Amino acid sequence: MDLLELILVLGTVIGIVDGQTIEVKDNAGQKITVTLACINVPKATDQGYLATTQRLKQLLPLQSPIVIRTTEQQRTERTVGEVYVDNRSVNLLLVESGNAVVDRETIQDCSENKTRYLIAQANAKNKHLGLWQQSNSRVNSSKTFTLRGKLIYEQISAVMSARAYRGEEFFLLANTTNQSRLVLRPSNQVSRTQLQSFQNQIVEMTVVYVEGTRPKLEERACPIDVDGQCMPQGAGYQVLSIVRLKSH
């Protein structure tokens, strides 16, 4: 990998395919397709896709001279890397504006700028920029993944408590070595009533992690965290699909 990090490709932008893919003509006159490394951007069916694509067009007008630091070996006419224009990482600029999120699985490929990526994402998230500006929840990543385990429903008491404040009533005892207890949230695809119907069942579900929102202290009474702010509400794994697994 150390050798790959030293490979630089000089070129000119000749097209924007989508929010994470561009077409470049290198100095040898060869056309290559470049995927921006270490980030995730909205898919064509997701909210924010057009905004991210438009932002990339602003950052990389046609005929812009660029430098690409490859993070993967080039395969035929396709490469993956960090794209620089005027000594600035376009990948990082997309994260700074909230038009992309850090890909935790590949961020090590951008190890020289890893800290800057994480700080940029934290700032964009804190300022509710781009993909982080949703009013009801903050999606941590556009990625969905699968969880398996036992679904537990615990009715929330009418007595005010931290759990009642957070609205935590569905949990998954995940099939892991430490039997993690994960908070589940209903979604537009899977309602609260549907989740209740799977009580005490072994299930498989598709989820996306959603971070909670913080009410303003002056607007309502709330439990206070160590920073003197209202504790977040709504954090957990939003269930997008769920099926019952047969017991063995």
Side-chain angles (χ1 to χ4, degrees), residues 40 42-43 45-48 98 101-107 118 121-122 124-126 128 130-217 219-248:
N40 283 317
K43 297 178 181 178
T45 55
D46 295 337
Q47 186 176 5
V101 296
V102 174
D103 185 349
R104 301 266 178 176
E105 295 180 5
T106 62
I107 188 60
L118 296 176
Q121 177 165 287
K125 181 176 169 184
N126 191 45
H128 301 170
L131 300 172
W132 304 103
Q133 67 184 353
Q134 300 173 52
S135 58
N136 295 325
S137 61
R138 308 285 181 258
V139 178
N140 187 48
S141 169
S142 58
K143 285 189 174 180
T144 60
F145 51 98
T146 301
L147 292 177
R148 297 181 183 86
K150 184 177 183 179
L151 192 149
I152 304 297
Y153 168 64
E154 296 179 358
Q155 187 172 4
I156 296 177
S157 169
V159 178
M160 180 52 69
S161 64
R163 187 167 73 86
Y165 165 81
R166 293 192 297 265
E168 295 175 355
E169 55 183 344
F170 297 102
F171 305 90
L172 185 74
L173 294 181
N175 289 341
T176 58
T177 54
N178 60 355
Q179 283 282 288
S180 300
R181 182 179 166 103
L182 308 176
V183 177
L184 302 177
R185 300 287 181 183
S187 67
N188 291 333
Q189 294 89 341
V190 180
S191 68
R192 178 176 176 274
T193 301
Q194 286 175 296
L195 286 180
Q196 283 181 304
S197 70
F198 286 94
Q199 181 180 5
N200 294 325
Q201 300 293 320
I202 304 300
V203 297
E204 178 178 284
M205 58 182 65
T206 302
V207 301
V208 61
Y209 185 74
V210 176
E211 296 192 1
T213 57
R214 291 179 184 270
K216 293 183 179 179
L217 188 58
E219 293 179 352
R220 59 164 299 178
C222 60
I224 305 300
D225 63 15
V226 293
D227 296 321
Q229 298 180 326
C230 287
M231 294 175 61
Q233 294 177 300
Y237 292 87
Q238 198 172 74
V239 182
L240 306 180
S241 68
I242 183 170
V243 295
R244 183 178 292 105
L245 296 179
K246 294 181 179 179
S247 301
H248 294 289

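All figures in this text were calculated on a predicted structure; none of them were measured in a lab.
Closest non-hydrogen pair, Ile107 versus Arg104, comes out as CG2-O, 3.7 Å. Across Trp132 and Gly98, no two heavy atoms sit closer than the pair CD1-CA, 4.2 Å. In this structure, Leu240 and Gln189 approach most closely via the heavy-atom pair O-CB, 3.2 Å. Taking all atoms of both residues into account, the shortest heavy-atom contact from Gln194 to Ser197 is O-OG, 2.5 Å. Nearest approach of Leu151 to Phe198, heavy atoms of both residues: CB-O, 3.7 Å.
In this structure the side chain of Met205 reaches within 4.5 angstrom of the side chain of Leu184, judged on heavy atoms.
With sequence neighbours excluded, the residues that form a side chain to side chain contact (heavy atoms under 4.5 Å, CB included) with Glu154 are Ile152, Arg163, Phe171, Arg181. Remark: Ala235 pairs with Tyr209 by the side chain to side chain contact (heavy atoms under 4.5 Å, CB included) rule, at least two apart or across chains. Residues satisfying the side chain to side chain contact (heavy atoms under 4.5 Å, CB included) test with Arg192, not counting sequence neighbours, are Tyr153, Glu169, Phe170, Pro186, Gln196.
The CD1 atom of Ile202 lies 7.5 Å from the CG atom of Leu245; values are rounded to the nearest 0.5 Å.
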How far apart are the C-alpha atoms of Leu147 and Tyr237, what are their side-chain angles, what is the distance that settles it, and do they pass the side chain to side chain contact (heavy atoms under 4.5 Å, CB included) test?
CA-CA 10 Å; Leu147 292 177; Tyr237 292 87; 4.1 Å; yes
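Around CG of Asn188, the count of heavy atoms belonging to other residues, nucleotides or ligands within 6.0 Å does not exceed 12.
Using a distance-only test at 3.5 Å, with no hydrogens or angles considered, no donor-acceptor pair links the side chain of Glu204 to the main chain of Thr146. Side chain of Gln201 to backbone of Arg244: no donor-acceptor contact under 3.5 angstrom is found.
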